[in-house]
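Both backbone and side-chain heavy atoms feed into the values below; hydrogens, waters and symmetry mates do not. By convention in this document, chain letters (A, B, ...) are assigned in the order of the sequence lines, proteins followed by strands, and residues within each chain are numbered from 1. Only a predicted model underlies this, so the values are computations on that prediction, with no experimental measurement involved.
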Number of protein chains: 2
Amino acid sequence: MATMHDVARLAQVSVSTVSYVLTGTRPISPATRAKVRAAMTELDYQPNAMARGLASRRSRILGLLLPMDERGLGATETAFVTGAAAAASAVGYHLVLSPVGGGGDLADLRRLASQRMFDGVVLMEVKLADERVAALQEAGVPLVLIGRTGDTAGLSYVDIDFGQTVREAVAHLVGLGHRRIVYVNHSAQTLTRGYGPALRTRDAFVTAMTGHGLEPVMIPAEDSAAGGRAALAAALARAPGLTAVLAMNETAIFGILGELTARGLSVPDDVSVVSMVTSPQVAELATPALTAMTSPGSAMGRIAIEALVRHLDGAGDERHQQLLPCALEIRGSTAVPRSRPPTGG
Amino acid sequence: MATMHDVARLAQVSVSTVSYVLTGTRPISPATRAKVRAAMTELDYQPNAMARGLASRRSRILGLLLPMDERGLGATETAFVTGAAAAASAVGYHLVLSPVGGGGDLADLRRLASQRMFDGVVLMEVKLADERVAALQEAGVPLVLIGRTGDTAGLSYVDIDFGQTVREAVAHLVGLGHRRIVYVNHSAQTLTRGYGPALRTRDAFVTAMTGHGLEPVMIPAEDSAAGGRAALAAALARAPGLTAVLAMNETAIFGILGELTARGLSVPDDVSVVSMVTSPQVAELATPALTAMTSPGSAMGRIAIEALVRHLDGAGDERHQQLLPCALEIRGSTAVPRSRPPTGG
DNA sequence: AATGATCGTCGAAGCGCTTCGACGAAGCGG
DNA sequence: CCGCTTCGTCGAAGCGCTTCGACGATCATT
């Protein structure tokens, strides 16, 4: 393994000159630069990442802090992660996947932050009141959130525009002529835990429905096919004449579809279904393919990383706060409702 | 940010003593150890990861090299990744997600390996003839594969036992009375590219079927719902009396199911379906839930990391070569075939 | 009682790089 | 032609840690 010393000797310059060629922090004459470059090539020189990190106090490593509970990541979260990894790699940073146990072990987080291994950090699955944010800020680690806390003052974040998403989804259904629309959200527990997307979509749904002069009915569902089935049963009980279901729960949606079929209700003829914040791949899995609000997917991870890097690589202290829309993609699961409500037939 | 120097001064010992307390590489008296520990606590000392890495020539960072093509990761691969991240974190290592563009940019890989940022590397999506393996070995980076090359001499790997998986799946169907079984594999292109799982399952399928005295029919399918639909159409054309479909393609399977339904064939009454190397979550999405060979999921990532760390932390040079079985989980998509083949009715 | 071995600690020499101050050589206006 | 800045390069001082050799002190061995 060649070191900078070897390159310097071969090129007959000093070590610092080699460093300046590498980093460009001081002007170097073309002739010298060429000599150094040649030596590097000849020796197949690669700078040692650790040494560089120690001396420059910049590791060029970014942390992606993601909660790692039992059921892994959904398609949408996976897209964030891969998008972030690709973006980091594109700008010459490494991305460390750091599973921070959901069970708020702040101490671990503090330790991690103090090791100075990460130049900056992207925090996923942020709750409305998230103590991790404060812990990271105290440790002085540049931070970008995917999602956002209740009070976003002084924070950088990228999040989905849930207001827009729900509004468009509801508008689509109402435009088709639906009046009795049920919203299947995440579980009740998730709501009480203060999970932003669940709360924000709930509020947006109420606003959107009342805006159309309709009654908002929300049913919570566990994140599983069984949860979806149960939720649909509950929905039919609460709103017997329902003609459309709006779902936020990428996992439960398949249970919902299954239960509809099991009850002899056809999609979209009897009941229209819109899946929100969903990846096209998942939407295509269903039969019929789901009309969905397509999540920004990997773009979100990319934007978060780019904002973080911009913040690190200089610029001012300006915060990056951005909401990304979900795009309505109409597939086969929505249609004009039957004149007679399904339970009346 | 307190340094070791500060701790040493406060504890009134030398810097090296502090280091020995931390690493345990030399005996330290209980009294001294206590003094040092107290000083560390008081100063809230955290060792600097870069400095440690430079001096010890061990970064405690592991690389997870995953190909990042357009369509992200499937549920099974995601489970590998999260399992690996959790395992790494559990043994005090960091896991860097390194998307190496599928388009064999060996140079990038070599550069990465030479930076000495990774103590070791897990390589995913290994092809039968994979030049990346040689590149990494030349760079002297300890290596564990998820998947395996054709010639595994001297390599450590963890892979799925495709032989067992196919055998059990076929045995299950044959046991139910099925005779005309079609195997839907990955795409033809994937096969020619030398993707191990596709090739190994193909061979295993031929062996298993002929072993039962049956004719093996294999159909390739693109990794998409549309690909699955097309594959099922092709399968019905090639084997009109088919009563069972075996699928390896987590994405295409939903297209297969959709097309079956569209043709008025019911699952499992007319056609039984077994999905191979599938996560329970995905199997549960379908209606009826899929009988599947459940992939080892996160265990595989964990085992790979553990093997790598064992290799790093000492032990000998013994290679870790392990095949993990998939477990047959019978759900609702398989049943005894109808007496009359579906197309005959 | 003399001889090693072992224990507990220290000081110093790096690990491979960045960066600061310095300094000769040009280039410039007056 | 003198002093001034700018350019291009060098040497040296770290960055915060590990690790090696050394050295009293303690302890078991003959």
K.L.:
In whole Å, what is the span from the CZ atom of Arg9(B) to the P atom of dC10(C)?
P.N.:
15 Å
K.L.:
Could you go through residues 6-21 of chain A and list every donor-acceptor pair under 3.5 Å that involves a side-chain atom there, pairing it with any protein atom two or more places apart or in another chain?
P.N.:
unit_1, atom_1, unit_2, atom_2, d
Asp6(A), OD1, Arg9(A), NH2, 2.9
Asp6(A), OD2, Thr3(A), N, 2.8
Ser14(A), OG, Ser16(A), N, 3.4
Ser14(A), OG, Ser16(A), OG, 2.9
Ser14(A), OG, Thr17(A), N, 3.3
Ser14(A), OG, Thr17(A), OG1, 3.1

K.L.:
Please list, one pair per line, the donor and acceptor atoms closer than 3.5 Å that link side chains of residues 138-149 of chain A to other protein atoms, with sequence neighbours excluded.
P.N.:
unit_1, atom_1, unit_2, atom_2, d
Arg148(A), NE, Asp159(A), OD2, 2.8
Thr149(A), OG1, Asp151(A), O, 2.9

K.L.:
Can you tell me the distance, in whole Å, between the CD atom of Gln12(A) and the C1' atom of dC10(D)?
P.N.:
15 Å
K.L.:
Table please: side-chain donor-acceptor pairs of residues 38-54 of chain B below 3.5 Å, with sequence neighbours left out.
P.N.:
unit_1, atom_1, unit_2, atom_2, d
Thr41(B), OG1, Arg37(B), O, 2.9
Asn48(B), OD1, Met50(B), N, 2.8
Asn48(B), OD1, Ala51(B), N, 2.9

K.L.:
What does the B/S/- profile of nucleotides 16-21 of chain C look like, 5' to 3', with a 4.0 Å heavy-atom cutoff to protein?
P.N.:
BBBBBB
K.L.:
Taking ring pair (Phe, Tyr, Trp, His ring centres under 6.0 Å) as the cut-off, I'd like each qualifying pair that reaches into residues 107-149 of chain B, sequence neighbours left out, listed once.
P.N.:
His94(A)-Phe118(B)
K.L.:
Quick one: list whatever passes salt bridge (Lys or Arg N to Asp or Glu O under 4.0 Å) with Glu306(B), sequence neighbours left out.
P.N.:
Arg302(B)
